[in-house]
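Below is one structure, written out as structure tokens; comments come after it.
Bear in mind the structure is a predicted one, so any value in this text is a computation, not a measurement. The figures here come from the full heavy-atom set of this structure, side chains too, leaving out hydrogens, waters and symmetry mates.
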Amino acid sequence: MTPTGSISSSSSLAFFAGTPRSSPFAEAQAVNHHLQDREANGNAGPSERRQSEKQTGTSTARRPGACSRCKKLKMKCVFAPENPTCSRCSLGGHQCQVEGRKPRTPGQREFLLKQIREKDETIAKLLSDLTSTTSTPLSINSSRIALNTEERDVHGDVLAWMEKRHSSSSRSIAKACAVFDTSQLEDEDMWSSDEEDDDSSSESVERVKIEPREPPTRVKATRLLSLPDEGAPLGFLAKCSLKYNSGVHTTLPSGTESLFGIASHLYFQPSPCADLDVRRIIVEREMIPEILMSGLITPDEGRILFDIFFEHINPFLSLLDEAIHNAASVLRRCPFLFTVVCAVSSRYYSERPGLYKLAIHFAKASAASAFIDGWKCVEMCQAYIILAAYGVPTQRWEESRSWTYTGIAARIAVELNLNSTSNITPVDERHERELLNRYRTWMICSILDGSLSLEMGKSSVIREDEVIRNSSHWCSSSKFQHPLDADLPVLIELIRIMQRFMDIMQNFDAHALQVIGTTTSRDISNIVDVFEKELRASGERYHRDTQEKLRIGMVSYFLQYCRLMIFSYGFRSETGDTAPVSRPSLYLAPCIDAAFSMLSIWKDHMLTTGHMKYAPDFFFVGTGFAGAFLLKLLHPRFTSILGPDERTRILHLENVLIKLLASDELAVDDQHAPRLYSVFLGGFLNSVLSLWEAPSS
């Protein structure tokens, strides 16, 4: 018997063998009779029932796709309208069974994407285990940024991203970072990636063994350079923990997944981020700076901003070594430093004049995040130094953070033991440059702390140590020394002299400086004379065998600034603050000489280099101090000791100075320091001149 619902095999063979076939009409008629017989017996197949249901008006929709017979023959399967049986099966009297489309087998692309997603989840989990679990995410509230309507329209996309960032979880932002490729910031002529990621450049870990430069051999770090000396209580505890607390016998309290603090055997060991390879992965996947993620700047603009920094800003700071600090390497080491360099340089990026106003907010937010959760490294210290040197414009002095940033930088530098000499012998150029980078950062930190302390009349946070006392050695001991290092020793020597002077002057009561003719006044005169001689001797020892006009001008400017400060103490002790001055002053002429010399160097030497637009705030604070001191001498109370020729000379210089400070040659915008000091000195001058016009009482 033939199977139910099928045509006999012999009839099929006869068809292919050329047996005469009946007409299509006869075949269709035979199929209909066959279906009727099957329905009567209740054995109709699925397709047969569909055809029968069609004839009775109760058909159901067929499945999409070709029938199994047409698929087997690899022929096109054609259905007539409203007919559940294809034309081929209808003509041959075959069962037309449509199985439907099989589930699509995923292609190679889908398979690879699935694998990538799985690996991403695995890497994210491992990174979350490596990084701190106590981080505190911070974000910027875009609505609180002081931007006008036009600026908000220009930066609309960035502000929208910031708003989304402000309301989104940190995890969603971390996922977005995974798509960023830091190689976009690479320069072709910089160090290769193998050299860059070698542990010889790790600034926070002491090397136990350094192999010669070969293809990637890993150097295992065992001891943090920031650990205190064994003689200190915390250093003693660290030694005991590293030696005896291996973690093998540590029992976790019930309900505790991990130990914190000194209870953990990992407490005094280097974190995984001390390995620059691991740190690079973490940065590329989870810590890309928001200044890039928001789209405020592109990778190409990041490289441009770094070029601006090294060409115009670094000559003043001499902080970074372009041989090891390109945009890509800085980003992989410290996103905070990358953000700060880009933000500070953006003020001088002429292609986008309004970029700085928004970029500096990213730098401030990054400074707050780094202070709370950042890796303590040399680059972090350098970032705070740059922020301190290039202060953010504020409406009130109490909002300024330059002094605070300097203190943070100093604390980080001391914690990293940058003030300690190292007995490590460098094995190659890159390793030696890294060691020089540590010493240079500490000396720059000392100079910045000293100069800001002088501005504020306070004692320096950083005290003298071996590196400071022997700065001339550490600035000339290597063939890879940065050319700008040569001027650091003389600046440090001037700072040391002024620190001793300020320490002595702070022993005098502030009121005593105003008491004329007392023993205190005479003592101050003796002190001023002693320290002025030290300053003069230090300046005479300075010889720079170079045509670097800017650096020579910086040293000379600072020397005259120190002289003016010392003489001004003597002048104040002679004249007081309020009463008319009738007696000749011993320090009037030296003060005028120092102030004129200082402004002459600034105007005729430093300004002509074309770099003063990019100068840190100190050089405008000092210029403002000298200008204000001279303006005060125009007060009527000094008429008896200041002749008309001197007043005319001062008045002429002040007018020139005010115009220069306000010029586009110096001022980038209305909030830039030189223009602000121009407004201040202009107002001061008008006030003094108005005193001469007022009728005498």
Side-chain angles (χ1 to χ4, degrees), residues 313-321 385 389 406 410 413 418-419 421 436-455 460 462-478 481-503 530-567 593-595 597-602 604-606 609 611-612 615-616 618-619 621-623 625-626:
I313 298 175
N314 205 51
F316 288 97
L317 298 180
S318 60
L319 182 62
L320 302 184
D321 183 356
I385 289 175
T406 305
L418 301 188
N419 58 328
T421 59
L436 293 173
N437 185 47
R438 292 173 58 88
Y439 296 133
R440 182 184 306 110
T441 301
W442 174 244
M443 287 185 281
I444 296 297
C445 191
S446 174
I447 293 173
L448 180 64
D449 174 58
S451 62
L452 286 177
S453 298
L454 293 179
E455 289 179 12
S460 298
I462 296 177
R463 312 308 295 176
E464 292 186 7
D465 53 48
E466 183 179 352
V467 177
I468 298 300
R469 286 190 293 269
N470 299 310
S471 57
S472 58
H473 167 71
W474 299 111
C475 289
S476 59
S477 59
S478 171
Q481 209 80 47
H482 197 283
L484 302 179
D485 291 347
D487 303 307
L488 299 183
V490 64
L491 293 174
I492 290 175
E493 184 176 357
L494 294 175
I495 290 288
R496 293 174 62 194
I497 294 172
M498 294 303 296
Q499 283 178 348
R500 294 197 304 272
F501 174 77
M502 295 302 296
D503 289 341
V530 169
F531 281 95
E532 195 278 330
K533 291 178 181 178
E534 285 195 43
L535 290 175
R536 190 188 313 125
S538 178
E540 292 173 353
R541 288 193 298 269
Y542 173 68
H543 297 287
R544 186 78 149 88
D545 298 329
T546 181
Q547 299 300 318
E548 185 59 54
K549 193 174 182 180
L550 177 65
R551 300 291 292 185
I552 296 175
M554 288 171 57
V555 174
S556 302
Y557 179 92
F558 190 67
L559 172 62
Q560 298 302 325
Y561 173 77
C562 294
R563 291 182 67 237
L564 178 58
M565 277 197 65
I566 288 179
F567 288 139
D593 176 69
S597 298
M598 184 177 170
L599 295 177
S600 176
I601 293 169
W602 182 87
D604 299 330
H605 295 272
M606 300 177 68
T609 64
H611 284 281
M612 286 307 296
F618 166 78
F619 291 97
V621 174
T623 301
F625 169 61

Practice prompt. Return yes if some donor-acceptor pair links the side-chain N/O of Glu493 with the main-chain N/O of Leu535 below 3.5 Å, else return no.
Written response: no

Practice prompt. Locate the shortest heavy-atom distance separating Leu319 from Asn314; write the atom from each residue and the value.
Written response: N-OD1, 3.1 Å

Worksheet item: Hey, is the main chain of Asp449 close enough, under 3.5 Å, to the side chain of Ser453 for a donor-acceptor pair?
Response: yes

Discussion item. Using side-chain heavy atoms (C-beta onward) and a distance below 4.5 Å, is Phe558 in contact with Ile495?
Written reply: yes

Item to complete: Start with the C-alpha gap between Leu599 and Gln560, add the side-chain angles, then the distance that decides, and say whether side chain to side chain contact (heavy atoms under 4.5 Å, CB included) holds.
Response: CA-CA 9 Å; Leu599 295 177; Gln560 298 302 325; over 6 Å; no

Worksheet, complete the sentence: In this structure, CG of Leu550 is separated from CE of Met554 (nearest 0.5 Å) by 6.0 Å

Worksheet item: Are Val530 and Phe501 close enough that some pair of their side-chain heavy atoms sits under 4.5 Å apart?
Response: no

Fill in: Heavy-atom closest contact (Ser460 atom, Gln499 atom, distance)
OG-NE2, 2.7 Å

Practice prompt. Compare every heavy atom of Arg551 with every heavy atom of Pro315, then report the nearest pair and how far apart it is.
Written response: O-NH1, 2.6 Å

Item to complete: Return the set of residues passing side chain to side chain donor-acceptor pair (under 3.5 Å) with Glu464 (not counting sequence neighbours), or none when no residue passes.
Response: Arg496

Worksheet item: Do Ser556 side-chain atoms and Gly553 backbone N/O form a donor-acceptor pair below 3.5 Å?
Response: no

Worksheet entry | Value rounded to 0.5 Å, distance of CD1 in Ile601 from CG in Leu559 | 7.5 Å

Response to the item:
Between Ser478 and Leu436 the two heavy atoms that sit nearest each other are OG-CD1, 3.6 Å

Worksheet item: Taking all atoms of both residues into account, what is the closest heavy-atom pair of Val490 and Ser538, and its distance?
Response: CG2-OG, 4.3 Å

Discussion item. Tell me every residue that passes ring pair (Phe, Tyr, Trp, His ring centres under 6.0 Å) with Phe625, counting only those two or more places apart in sequence or in another chain.
Written reply: none

Practice prompt. Identify the two heavy atoms, one from Ser318 and one from Arg440, that lie closest to each other, and give their separation to 0.1 Å.
Written response: O-CD, 3.1 Å

Worksheet item: Got a second to check how far Ile497's CD1 is from Ile566's CD1, nearest 0.5 Å?
Response: 8.0 Å

Practice prompt. Take Ile447 and Phe618 through the test side chain to side chain contact (heavy atoms under 4.5 Å, CB included) and record every step on the way to the result.
Written response: CA-CA 11 Å; Ile447 293 173; Phe618 166 78; over 6 Å; no

Worksheet item: Between atom OG of Ser446 and atom CG of Leu491, what is the distance when rounded to the nearest 0.5 Å?
Response: 10.5 Å

Worksheet entry | Euclidean distance, Trp442 CH2 relative to Ile385 CD1, rounded to 0.5 Å | 9.5 Å

Worksheet entry | Qualifying residues under salt bridge (Lys or Arg N to Asp or Glu O under 4.0 Å), relative to Asp593, sequence neighbours excluded | Arg563

Fill in: Non-neighbouring partners of Tyr561 that pass side chain to side chain donor-acceptor pair (under 3.5 Å), sequence neighbours left out
none

Item to complete: List in chain and number order the residues that pass salt bridge (Lys or Arg N to Asp or Glu O under 4.0 Å) with Arg500, two or more places apart in sequence or in another chain; answer none if no residue qualifies.
Response: Glu534

Discussion item. Phe619: which residues meet the ring pair (Phe, Tyr, Trp, His ring centres under 6.0 Å) condition with it, sequence neighbours left out?
Written reply: Phe316, Tyr557

Worksheet item: Atom CD1 of Ile444 and atom OG1 of Thr441: how far apart are they, to the nearest 0.5 Å?
Response: 8.0 Å

